[in-house]
Amino acid sequence: MSTVLLALPLPAGSTEEMVREFAQEVNSKMDEFTKSRTDIGATQEAWAIQDTPDGGKLFILCLSGDDPVKSNRMFAESQEAFDRWFKDKAGSLLNANFDQPLPPITRTLFDWRA
C-alpha cells in the first residue's frame with residue numbers, strides 16, 4: 001500500500017467550518033463515497049486542517065491504496081454523478097480543479113510502519 005499527501009492552502013472565503021460541513025455532507029452519502037473510492041482503488045482517504053504560523057490554514061489530503069497516483073487520475077477522469085457532485089463542491093471550497101489529476105507535489109522522504 002502506498003500513500004500520497006497533498007497540502008492546499010485554504011483560500012480566502014473558505015473556512016475550516018465550511019470544510020467540516022462538507023465532510024458532514026460526504027458522511028451523509030457514505031455509500032456513494034465508498035463506491036467512488038472503491039471504484040478508483042483507494043483504501044483510505046483522510047482530511048485534516050493544519051494551522052500555519054502566519055495564521056493561515058492548510059487542507060491536508062491523505063490518499064492510500066495500491067496506486068494512489070492512479071486513483072487520483074481515475075477520479076479526475078470520472079463523470080459519475082457522485083464524483084461530479086464531489087468535485088464541484090470540493091473544487092469550489094478549495095479553489096482547485098479536480099477534473100485534472102492533482103500533481104504529486106509531495107515526496108515521501110521517510111515512512112516508518114510497525
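None of these values were measured; they are calculated from a predicted model.
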Between [X] and [Y], which heavy-atom pair has the shortest distance, and what is it?
X     : Y     : answer
Asn72 : Leu63 : N-CD2, 4.4 Å
Met18 : Gly13 : SD-O, 3.4 Å
Ala96 : Leu8  : CB-CD1, 4.4 Å
Asp66 : Ser2  : O-OG, 4.1 Å

Taking the side chain as C-beta and beyond, is there a heavy-atom pair between [X] and [Y] under 4.5 Å?
X     : Y     : result
Val19 : Phe59 : yes
Phe86 : Glu32 : no
Glu45 : Trp47 : yes
Leu58 : Thr52 : yes
Leu5  : Leu61 : no
Asn27 : Phe22 : no
Met1  : Asp67 : no

Tell me, with the steps shown, if Ile60 and Ile49 meet side chain to side chain contact (heavy atoms under 4.5 Å, CB included). CA-CA 6 Å; Ile60 311 283; Ile49 297 288; over 6 Å; no
Could you tell me the separation between the CD atom of Glu21 and the NZ atom of Lys89, rounded to the nearest 0.5 Å? 9.0 Å
If I take atom CG from residue Leu94 and atom CG from residue Asn97, how far apart are they, to the nearest 0.5 angstrom?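 Between atom CG of Leu94 and atom CG of Asn97 there are 12.0 Å.
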Heavy-atom neighbours of Asp88 CG exceed 12 at 6.0 Å: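 Check passes, neighbour count above 12.
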Distance to the ring centre below 6.0 angstrom and angle to the axis at most 45 degrees; does that hold for Lys35 and Phe82?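 No.
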Phe98 six-ring face occupied by Arg84 cation (under 6.0 Å, within 45°): no
Between [X] (side chain only) and [Y] (backbone N and O only), is there a donor and an acceptor less than 3.5 Å apart?
X     : Y     : value
Ser14 : Leu93 : yes
Ser71 : Ile40 : yes
Lys87 : Ser78 : yes

Start with the C-alpha gap between Asp83 and Arg37, add the side-chain angles, then the distance that decides, and say whether side chain to side chain contact (heavy atoms under 4.5 Å, CB included) holds. CA-CA 9 Å; Asp83 294 342; Arg37 296 320 188 256; 4.1 Å; yes
Answer yes when Glu25 and Lys29 have at least one side-chain N-carboxylate O distance shorter than 4.0 Å, and no when they do not. no
Where do Thr15 and Lys57 land on the side chain to side chain contact (heavy atoms under 4.5 Å, CB included) test, with the steps shown first? CA-CA 9 Å; Thr15 64; Lys57 294 186 183 300; over 6 Å; no
